[in-house]
Amino acid sequence: MDGEIKNIKKWSILYPVYINSKKTIAEGRRICVTKACENPTCTEISDCCNFLKIPCAIELDKAYPRDFMQRGRVRFLLKREDGTPYNPVIPSRKQLMINVAELVRRHPNRTKKQEPAASSAAGSSKSGKGGKKKR
């Protein structure tokens, strides 16, 4: 693994924008909307790569050139030095993006975040008399 760490600059890059369903193709999305996920983070992408047994590294100080306000990217390595893939199910970068987007949707931290937001929006409705007051 130490030999791979030295060559981390040659690894492929996956920005969260590539699999974000809220972005358009012109803004940087690389897969179709139906397969993409909503607002992924670098840590979620890294967790998914680790789950798929693909070596990866997070670079939080880097930004996507078209949207420099969104920080972070993930570097990954699909194939070993001899050319064999780390995961035979994922032979290409596109297939990795599709699999990671599907796994991010089912990420444990993501499901916990969405439940309280849905329940708190239902509570505030105004009741009582309305209308003009007489003088």
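For the pair R73 (side chain) and K62 (backbone), a donor-acceptor distance under 3.5 Å is absent.
The hydrophobic clustering, which links ILVMFWY residues whose side-chain heavy atoms are closer than 4.5 Å, places I13 and V74 together. The hydrophobic cluster containing L77 does not contain M97, counting ILVMFWY residues as joined when their side-chain heavy atoms lie under 4.5 angstrom apart, directly or transitively. L103 and Y86 are not part of a single hydrophobic cluster, where members link through side-chain heavy atoms under 4.5 Å apart. The hydrophobic cluster containing F76 also contains F51, counting ILVMFWY residues as joined when their side-chain heavy atoms lie under 4.5 angstrom apart, directly or transitively. At a threshold of 4.5 Å between side-chain heavy atoms, the hydrophobic network of Ile, Leu, Val, Met, Phe, Trp and Tyr places I45 and I8 in two separate groups.
Going from atom OG of S21 over to atom CZ of R29 covers 8.0 Å, rounded to the nearest 0.5 Å. Here CG of L14 is found 9.5 Å from SG of C56. Values are rounded to the nearest 0.5 Å. Put simply, CG on N20 and CZ on R30 are 13.5 Å apart, with the number rounded to the nearest 0.5 Å. A distance of 12.0 Å separates OH of Y18 from CG of L96, quoted to the nearest 0.5 Å. The distance from atom CZ of R105 to atom CD1 of I19, rounded to the nearest 0.5 Å, is 9.5 Å. Of the inter-residue distances, the one linking E59 atom CD with D61 atom CG reads 6.5 Å to the nearest 0.5 angstrom.
Taking 4.0 Å as the cut-off between side-chain N and carboxylate O, E27 and R66 do not count as a salt-bridged pair. Between E102 and K35 no salt bridge is recorded (no basic side-chain N to carboxylate O distance below 4.0 Å).
Under the rule for a side chain to side chain contact (heavy atoms under 4.5 Å, CB included), the partners of D82 that lie at least two apart in sequence or sit in another chain are R80, T84. By the side chain to side chain contact (heavy atoms under 4.5 Å, CB included) test, Q95 is found to be paired with I90, P91, S92, N99, residues two or more places apart in sequence or in another chain being considered.
For the residue pair V17 and Q70, the shortest heavy atom distance occurs at CG2-OE1, 3.3 Å. Here the shortest heavy-atom pairing between C42 and P16 reads SG-CG, 3.8 Å.
Using a 4.5 Å cut-off between side-chain heavy atoms of Ile, Leu, Val, Met, Phe, Trp and Tyr, M69 falls into a hydrophobic cluster with F68.
Each of D47, T43, T41 was checked for a side chain to side chain donor-acceptor pair (under 3.5 Å) with H107, and the lone residue meeting it is D47.
Looking at V100 and L52, their side chains come closer than 4.5 Å, going by heavy atoms from C-beta outward. Under the 4.5 Å side-chain criterion, counting only non-hydrogen atoms from C-beta, R75 is not in contact with S12. Using a 4.5 Å heavy-atom cutoff, the side chains of P55 and W11 are in contact.
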